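Any value given below was found using the heavy atoms of this structure, including those in side chains, with hydrogens, waters and symmetry copies removed. Note that this is a predicted model, so its numbers are computed, not measured.
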Number of protein chains: 2
Amino acid sequence: MKPSVVTIEPNGHFCDDCAVRGAAVCSSLDAAELREFEHLGRRVHFGSGETVFSEEEITTSFYNVLEGVMRLYKLLPDGRRQIVGFALPGDFLGMNLSGRHNFSADAIGAVTVCQFAKAPFSRFIEDRPQLLRRINELAIRELSQARDHMVLLGRRSADEKVATFLLGWRERLVALKGLSNTVPLPMSRQDIADYLGLTIETVSRTFTKLERQGVIEIIHGGISLLDPARVEAMAAA
Amino acid sequence: MKPSVVTIEPNGHFCDDCAVRGAAVCSSLDAAELREFEHLGRRVHFGSGETVFSEEEITTSFYNVLEGVMRLYKLLPDGRRQIVGFALPGDFLGMNLSGRHNFSADAIGAVTVCQFAKAPFSRFIEDRPQLLRRINELAIRELSQARDHMVLLGRRSADEKVATFLLGWRERLVALKGLSNTVPLPMSRQDIADYLGLTIETVSRTFTKLERQGVIEIIHGGISLLDPARVEAMAAA
DNA sequence: ACTCAAATTTGATCTGAGTCAATCGGCTTT
DNA sequence: AAAGCCGATTGACTCAGATCAAATTTGAGT
């Protein structure tokens, strides 16, 4: 990993050319509000492996992911890690009650976020219930995903976990980039293992097994889904 | 399980004598609003084992738990079950995006809920941002708990799971009934197993092991924490 | 108290996934 | 192009927790 540097763009960027304008929290704002809103956020770049925020850190900002992928994770005191999710463009991060982040987030590859200072953002929400409603929607969606993931972690076999992950990840990329049987996997095997509650060896073996069965092909930086139906059958169980 | 019957109280119950008035969603309402609010909800009783709502069912109501304990769970097609949480008085259930419940809920022992029809409740929220903010708070808290539970399911050993569960459950009861080393466990061993991603045998054996170590005592309908510090040590790992 | 059914505990055995240990392959650096 | 490094793969072996199979306890109904 090269020593990457956090970069804050000097200015000149506006919501107009923002890729996630229609998708993210911003989708609840009209043109006039958006103009006001864009003064609150600033684009910030993070290099690969860079930490955007850490668990237990006091929340000073909210983040809207614009580009790239992030891993969201929690650590146990002895170093065991559980990845609670991957963030993609359009995802909104930083909501919490205690005033502290309840997970850590770092960049997988280059990442651009739209960063909002907590206080002005909170003030902006204050008299815009539709923005609050939008944030509530996002929280409820995440809650639903979290529950699905609990089922996976608590009750599924390694094969089912991996198959479910591949389909779910592809599904999320479809929404961003359109349908394709080529599924880029920017995260490492260790990341996948920590997301699925497995070890890196088990993930690797399962990939190899799927490839030998002719169900997927392991390619550089991802996999190719040769037989999506079979993968779905494995995931459904 | 005797054939229990859902009972709707004829009327005459008001928020004034509601045990969770200060704790639940209602805590965001002033006296005048509460008066209006109480016409929206009706108290409904469920017998032991009774299902309050099922996953994939269209959401017609929201629920505020007033008395008793509920298990919230998801089933895989082959019958494997993951309990995603237990609901206690003050908990608010039914929020979702798709218009369908994303888990099932049933009563563990007798339960009383305050049931709100979806449409009037949504209308009531409409111009009361502080109620929406309260609901958002509850969602964010649950999200944080869900992530903690993911760590437990994905990365903790059976011993750690059981110890963590006992402490967490006690913690929730403390908030309702005050501190005590006697921890009632109204749910079955199977429920605990399905909550922790274990089998009933492993839960039973772990309880027995803890008892033999003199850390807990298994009593009728629950356990007694003889050595909370040791349990905490097991949970921390 | 007595009976039957269900829940829990206990024991014996099995196995899926973890652990430990090489090895491989692709990049980067020199 | 050789060396070194890091992530990924593969193999051999182990073990925590699952599975299978009885007891044993508990509880509701008679």
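B:Gly197 comes within 4.0 angstrom of sugar-phosphate atoms only, judged by non-hydrogen atoms across all strands, and of no base. Among the heavy atoms of the strands lying under 4.0 Å from B:Thr199 is at least one base atom, whether or not backbone atoms are also near.
Rounded to whole angstrom, the span from the CD atom of B:Gln190 across to the P atom of D:dT19 amounts to 11 Å. If you measure from atom CG of A:Leu198 to atom P of D:dG17, you get 15 Å, rounded to the nearest angstrom. The distance from atom CZ of A:Phe207 to atom P of D:dT10 is 13 Å, rounded to the nearest whole Å.
Less than 4.0 Å separates DNA chain D from at least one heavy atom of each of the following residues of residues 157-165 of chain B: B:Ser157, B:Ala158.
Listed for the A:Glu67 side chain is no donor-acceptor partner under 3.5 Å among the backbone atoms of A:Val113. At distances below 3.5 Å, not a single donor-acceptor pair connects side-chain atoms of B:His101 with backbone N or O atoms of B:Asn96.
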Collect all protein-nucleotide pairs involving nucleotides 11-15 of chain D in which both atoms are nitrogen or oxygen and the distance is under 3.5 Å.
residue : atom : partner  : partner atom : Å
D:dG11  : N7   : A:Arg205 : NH1          : 2.8
D:dG11  : O6   : A:Arg205 : NH2          : 3.3

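When each of B:Ile200 and A:Thr202 is assigned the nucleotide of DNA chain C with its nearest heavy atom, B:Ile200 is the one assigned upstream, toward the 5' end.
Between A:Tyr195 and A:Tyr73, the gap from one ring centroid to the other reaches at least 6.0 Å.
Dashed line: the shortest gap from a side-chain N or O of A:Ser204 to OP1 or OP2 of D:dT10 is not under 4.0 Å.
Along DNA chain C, the stretch of nucleotides lying under 4.0 Å from any heavy atom of chain A spans, 5' to 3', C:dA17 to C:dC27.
Rounding to the nearest 0.5 angstrom, the gap separating the CG atom in A:Leu152 from the NZ atom in B:Lys74 is 11.5 Å.
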